Novice: 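First the structure, then my questions, so here it is.
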Amino acid sequence: MAVNRTLVICKPDAVERGQVGEIIGRFERKGLQLVAAELRTLGPDVLALHYAEHVGKDFYDDLVAFMGRGPVLVAVVEGPHDTWSVVRQMLGATDPMKAAPGTIRGDLGTEVTENLVHGSDSAESARREVAIFFPGLQ
Ligand code: DAT
Ligand code: MG
């Protein structure tokens with residue numbers, strides 16, 4: 001996979017609240033393009049792969065219950081360079097109460113678990129996560 005691609009997940013709260021268009025629209029307005037996107041309901045096994053670094057932490061069970069409670073939009077977005085970093089800057093801090101205004105979490109969220117959207121946190125994470133969700137993507 002090219003390093004200018006990254007994984008985005010619009011989480012169940014974003015789908016329930018009808019904010020998927022707002023979130024994907026922000027990435028499109030920034031100049032990123034959708035390469036793949038699908039609504040899926042994620043089970044515990046794929047979540048344990050995706051969130052391997054968090055398995056066993058005190059918030060892990062709440063995270064899996066939340067992420068699996070309804071459909072998410074799993075997407076791959078592409079840009080000219082360092083797309084994972086562009087997306088992370090647009091997401092804002094993990095805790096929406098600490099995320100700056102103008103960021104997606106800062107503008108749309110108030111809860112640390114229900115923080116609307118996931119973005120890969122490095123080029124290596126982007127490669128790993130895209131391969132989990134879209135193994136056939138060229
Ligand atoms: P990010 O999603 O910003 O990469 P992360 O990888 O540290 O953050 O954590 C993954 C998700 O787990 C995060 O989006 C929300 C949840 N989470 C993280 N820290 C938490 C905490 N201290 N309490 C509750 N949920 C937390
Ligand atoms: Mg993370």
Side-chain angles (χ1 to χ4, degrees):
M1 187 203 71
V3 292
N4 59 355
R5 291 178 176 179
T6 194
L7 189 82
V8 166
I9 304 177
C10 296
K11 298 183 179 185
D13 57 335
V15 176
E16 290 161 10
R17 294 172 55 198
Q19 297 301 312
V20 170
E22 167 70 25
I23 292 165
I24 297 298
R26 286 185 182 216
F27 295 137
E28 290 183 325
R29 292 202 296 280
K30 179 68 173 171
L32 306 180
Q33 290 187 321
L34 275 176
V35 176
E38 188 175 44
L39 273 181
R40 295 183 196 169
T41 301
L42 305 180
D45 291 350
V46 73
L47 286 168
L49 276 179
H50 173 65
Y51 280 133
E53 67 183 305
H54 298 308
V55 172
K57 292 186 181 171
D58 56 356
F59 60 83
Y60 184 73
D61 289 348
D62 288 344
L63 178 62
V64 170
F66 162 60
M67 288 295 292
R69 82 176 179 207
V72 299
L73 185 86
V74 191
V76 178
V77 297
E78 184 172 77
H81 41 73
D82 293 335
T83 308
W84 72 268
S85 178
V86 173
V87 167
R88 291 286 291 195
Q89 288 176 56
M90 293 177 71
L91 297 195
T94 302
D95 182 350
M97 294 298 280
K98 297 179 181 146
T103 65
I104 294 168
R105 289 163 169 170
D107 287 349
L108 302 181
T110 58
E111 302 279 344
V112 65
T113 303
E114 305 204 7
N115 61 6
L116 293 134
V117 55
H118 168 85
S120 310
D121 66 4
S122 67
E124 180 49 37
S125 294
R127 262 190 294 274
R128 189 184 77 85
E129 293 172 4
V130 169
I132 290 172
F133 290 96
F134 294 99
L137 195 63
Q138 295 300 304

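All ligand and atom numbering here is 1-based and tracks the order in the structure. Since this is a predicted model, take the numbers as computed values, not measurements.
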Novice: Is the positively charged end of R5 above the ring of F133, judged by distance under 6.0 angstrom from the centroid and angle within 45° of the axis?
Specialist: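 Verdict for F133: no cation-pi partner in R5.
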
Novice: For the NZ atom on K30, are there more than 12 heavy atoms of other groups (residues, nucleotides or ligands in this structure) within a distance under 6.0 Å?
Specialist: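 No, not enclosed.
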
Novice: Can a salt bridge be assigned to the pair R17 and E22 using a cut-off of 4.0 Å between side-chain N and carboxylate O?
Specialist: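 The answer is no: the pair does not qualify as a salt bridge.
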
Novice: Under 3.5 Å, is there a donor on one side chain and an acceptor on the other for T6 and T83?
Specialist: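 Distance-only check fails for T6 and T83.
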
Novice: Looking only at non-hydrogen atoms, which of H118, K11, R88, R105 approaches atom 2 (O) of ligand 1 most closely?
Specialist: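 Looking at heavy atoms only, the winner is R105.
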
Novice: Provide, to 0.1 Å, the distance between atom 14 (O) of ligand 1 and the closest protein heavy atom, together with that atom's residue and name.
Specialist: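 The protein heavy atom lying closest is N115 ND2, 2.8 Å.
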
Novice: Could you check atom 5 (P) of ligand 1 against the protein and tell me its nearest heavy-atom contact, residue, atom and distance included?
Specialist: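 Here the nearest protein heavy atom works out to H54 NE2, 3.4 Å.
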
Novice: Among protein heavy atoms, which lies nearest atom 11 (C) of ligand 1, and at what distance?
Specialist: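 Closest protein heavy atom to atom 11 (C) of ligand 1: L63 CD1, 3.9 Å.
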
Novice: Using side-chain heavy atoms (C-beta onward) and a distance below 4.5 Å, is V46 in contact with R40?
Specialist: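 The answer is no; the side chains never approach within 4.5 Å.
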
Novice: I'd like to know if T113 contacts ligand 1, where contact means a heavy-atom distance under 4.0 Å to any ligand atom.
Specialist: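 Yes.
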
Novice: Given V117, V112, T94, identify the one with the heavy atom nearest to atom 3 (O) of ligand 1.
Specialist: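 The residue whose heavy atom sits nearest atom 3 (O) of ligand 1 is T94.
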
Novice: Could you tell me the residue and atom name of the protein heavy atom closest to atom 22 (N) of ligand 1, and the distance to it rounded to 0.1 Å?
Specialist: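 The protein heavy atom lying closest is F59 CD2, 3.9 Å.
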
Novice: Under 6.0 Å from the CD atom of Q33, do we count more than 12 heavy atoms belonging to anything else shown?
Specialist: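 Result for CD/Q33: open.
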
Novice: Start with the C-alpha gap between L34 and V77, add the side-chain angles, then the distance that decides, and say whether side-chain contact (heavy atoms from CB on, under 4.5 Å) holds.
Specialist: CA-CA 5 Å; L34 275 176; V77 297; 4.0 Å; yes

Novice: Any atom of ligand 1 sitting under 4.0 Å from a heavy atom of M67?
Specialist: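 No.
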
Novice: Heavy atom of H50 under 4.0 Å from ligand 1?
Specialist: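 No, H50 has no heavy atom closer than 4.0 Å to ligand 1.
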
